[in-house]
Colleague: 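Pasting in a structure now, in structure tokens, and then I'll have a few things to ask.
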Amino acid sequence: MALKLQCCFFCICLVIFLSLGFWASQIEARVLAEMSMVDRHEQWMAQYGRVYKDAAEKEKRFLIFKNNVERIELFNRPGGNNYTLSINLFADLSDEEFKATRTGYRSLTGQRPSLNTEFRYNNVTDVPTSMDWREKGAVTPIKDQGSCGCCWAFTAVAAMEGITQLKTGNLISLSEQELVDCDNTNKGCNGGNIDKAFQFIVQNRGLTTESNYPYEEVDGTCSEEKAAEHAAMITGYEDVPSSNEQELLTAVANQPVSVAIDGSGHPFKYYSSGIFTGECGTNLDHAVTLIGYGVNEKGIKYWLVKNSWGTSWGENGYMRIQRDVAAKEGLCGLAMEPSYPTA
């Protein structure tokens with residue numbers, strides 16, 4: 001009997017010992033994982049030159065970074081996705097912070113202020129199977145709006161740079177800051193509308209160059225002297241019929257086109273490569289420029305997008321996003337409010 005009790009006591013001790021060992025190993029693994037994430041955060045901070053004001057801010061940013069990294073890596077696990085995400089410069093921002101500083105489109109659905117109701121490409125049927133306006137010399141290098149919500153100015157300028165090159169043969173980098181400072185119909189870094197930007201440019205009789213009125217990433221006072229030195233002008237603008245990707249295709253086949261898009265979602269802001277087919281709605285909060293289209297080796301049709309988040313985002317600042325989706329609004333609502341300048 002005593003021997004049985006001794007054996008039972010030994011077994012219980014063994015179980016306790018093994019359990020303690022298991023939990024100790026789990027705790028150790030968790031600590032090592034946290035240490036690894038801390039190291040990754042430090043490396044990321046060095047890569048993007050991020051500096052925090054104090055330890056509390058750093059801890060807050062680390063927790064956001066950790067959550068975003070885990071979501072990105074979960075998405076990137078093998079499983080047949082058509083695109084990948086990356087731990088880019090936005091990794092320590094919450095979704096709300098990102099939307100407040102890196103988007104900035106303000107929709108005017110139902111009251112788009114077009115100066116011309118005509119859609120000049122309405123009867124165009126002969127369009128190329130693919131288009132890339134970069135190859136035609138009609139696209140300036142990728143720019144970066146920074147932490148100013150003026151995507152509306154960047155896409156208006158990009159579309160104007162495109163039509164100017166097509167009409168004159170000269171690719172001129174034009175000034176977004178002039179729009180931010182001088183277009184009082186929009187709200188500068190607090191958001192704006194593409195059509196209203198085109199309307200301002202027409203009334204202003206053009207825009208000056210980027211070099212003459214450089215981008216500052218903040219709202220400033222309009223320099224009338226600089227703004228008077230016009231480098232390019234447009235005569236008007238037109239709206240592509242809403243929610244019609246075929247009509248949008250005919251427009252993009254002829255010139256770069258500005259579009260509004262739902263661009264603040266988690267997959268969109270961490271897009272890295274491939275054809276974006278991801279989760280997004282039709283809450284138009286960002287603005288980009290369609291500079292072409294094509295079909296990949298799997299037969300997936302796509303739009304070629306120029307963004308204004310710098311070259312470290314996406315495919316060196318560009319995105320391929322699925323075209324001809326079932327939803328008539330287009331993926332992320334990109335077919336809802338397209339427009340382009342005329343010259």
Side-chain angles (χ1 to χ4, degrees), residues 104-106 108 111-121 133 136-141 143 145 148-240 251-252 254-260 287-291 306 308 337-343:
Y105 180 74
R106 296 192 175 197
L108 295 175
Q111 49 178 331
R112 299 175 72 186
S114 179
L115 297 177
N116 190 341
T117 57
E118 177 188 1
F119 175 54
R120 65 186 57 206
Y121 304 121
W133 285 112
K136 308 292 185 180
V139 181
T140 58
K143 302 180 184 182
Q145 70 185 77
C148 169
C150 61
C151 57
W152 58 273
F154 278 81
T155 186
V157 164
M160 183 175 172
E161 290 168 342
I163 194 63
T164 298
Q165 193 278 337
L166 293 175
K167 294 298 183 181
T168 68
N170 297 318
L171 181 61
I172 306 169
S173 184
L174 300 172
S175 174
E176 293 83 13
Q177 193 67 43
E178 181 180 350
L179 281 173
V180 171
D181 291 352
C182 304
D183 180 5
N184 293 324
T185 65
N186 282 309
K187 302 297 182 182
C189 290
N190 291 313
N193 180 268
I194 301 166
D195 281 5
K196 290 173 72 174
F198 287 146
Q199 191 172 55
F200 168 82
I201 296 168
V202 171
Q203 294 171 348
N204 192 54
R205 300 182 183 277
L207 286 179
T208 191
T209 63
E210 185 88 53
S211 59
N212 183 51
Y213 204 148
Y215 185 60
E216 300 290 343
E217 201 178 319
V218 293
D219 290 314
T221 302
C222 180
S223 172
E224 295 182 4
E225 181 180 355
K226 292 180 179 180
E229 299 180 29
H230 302 145
M233 64 178 296
I234 58 176
T235 55
Y237 63 92
E238 297 170 359
D239 294 332
V240 179
V252 178
N254 285 276
Q255 66 182 96
V257 174
S258 294
V259 299
V288 295
T289 312
L290 298 187
I291 59 165
K306 181 184 184 185
S308 54
E337 297 187 17
S339 55
Y340 53 86
T342 59

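In this text the structure is predicted, and so the values were computed from the model without any measurement. The figures here come from the full heavy-atom set of this structure, side chains too, leaving out hydrogens, waters and symmetry mates.
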Colleague: Within this structure, what is the CG-CE distance for the pair Leu174 and Met233, rounded to the nearest 0.5 Å?
Modeller: 12.5 Å
Colleague: Got more than 12 heavy atoms from elsewhere within 6.0 Å of NZ, Lys187?
Modeller: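 Open: at most 12 neighbouring heavy atoms sit under 6.0 Å from NZ of Lys187.
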Colleague: Looking only at heavy atoms, which two atoms of Ile163 and Pro341 are closest? And how far apart?
Modeller: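 The answer is CG2-CG, 3.8 Å.
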Colleague: Between Thr140 and Glu161, do the side chains contain an N or O donor and an N or O acceptor separated by less than 3.5 Å?
Modeller: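 A donor-acceptor contact under 3.5 Å links the two side chains.
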Colleague: I need the minimum non-hydrogen distance between Tyr215 and Glu176, along with the two atoms involved.
Modeller: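 In terms of heavy atoms, the two residues are closest at CD1-CB, 4.4 Å.
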Colleague: In terms of side-chain heavy atoms, does Tyr213 have a donor or acceptor partner in Asp181 at a distance below 3.5 Å?
Modeller: yes
Colleague: Going by atom types alone, do Ser175 and Lys226 pair a side-chain donor with an acceptor below 3.5 Å?
Modeller: no
Colleague: Any donor-acceptor pair under 3.5 Å linking the side chain of Gln255 with the backbone of Leu166?
Modeller: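 Side chain of Gln255 to backbone of Leu166, a donor-acceptor pair under 3.5 Å: no, none is there.
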Colleague: Between Thr208 (side chain) and Glu229 (backbone), is there a donor-acceptor pair under 3.5 Å?
Modeller: yes
Colleague: Output yes when a side-chain donor or acceptor of Thr155 lies under 3.5 Å from a complementary backbone atom of Val288, and no otherwise.
Modeller: yes
Colleague: Counting N and O atoms only, with roles assigned by atom type, does the side chain of Trp133 sit under 3.5 Å from a partner on the main chain of Val252, one being a donor and the other an acceptor?
Modeller: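 The answer is yes, because a donor-acceptor pair under 3.5 Å joins these two groups.
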Colleague: Measure SG to SG for Cys148 and Cys189 and state whether it is below 2.5 Å.
Modeller: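 Looking at Cys189 and Cys148, their sulfur gamma atoms lie closer than 2.5 Å, so the answer is yes.
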Colleague: Would you please classify the geometry between the Phe198 ring and the Tyr237 ring as parallel, tilted or perpendicular, with 30° and 60° separating the classes?
Modeller: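 Answer is tilted, since the angle falls between 30° and 60°.
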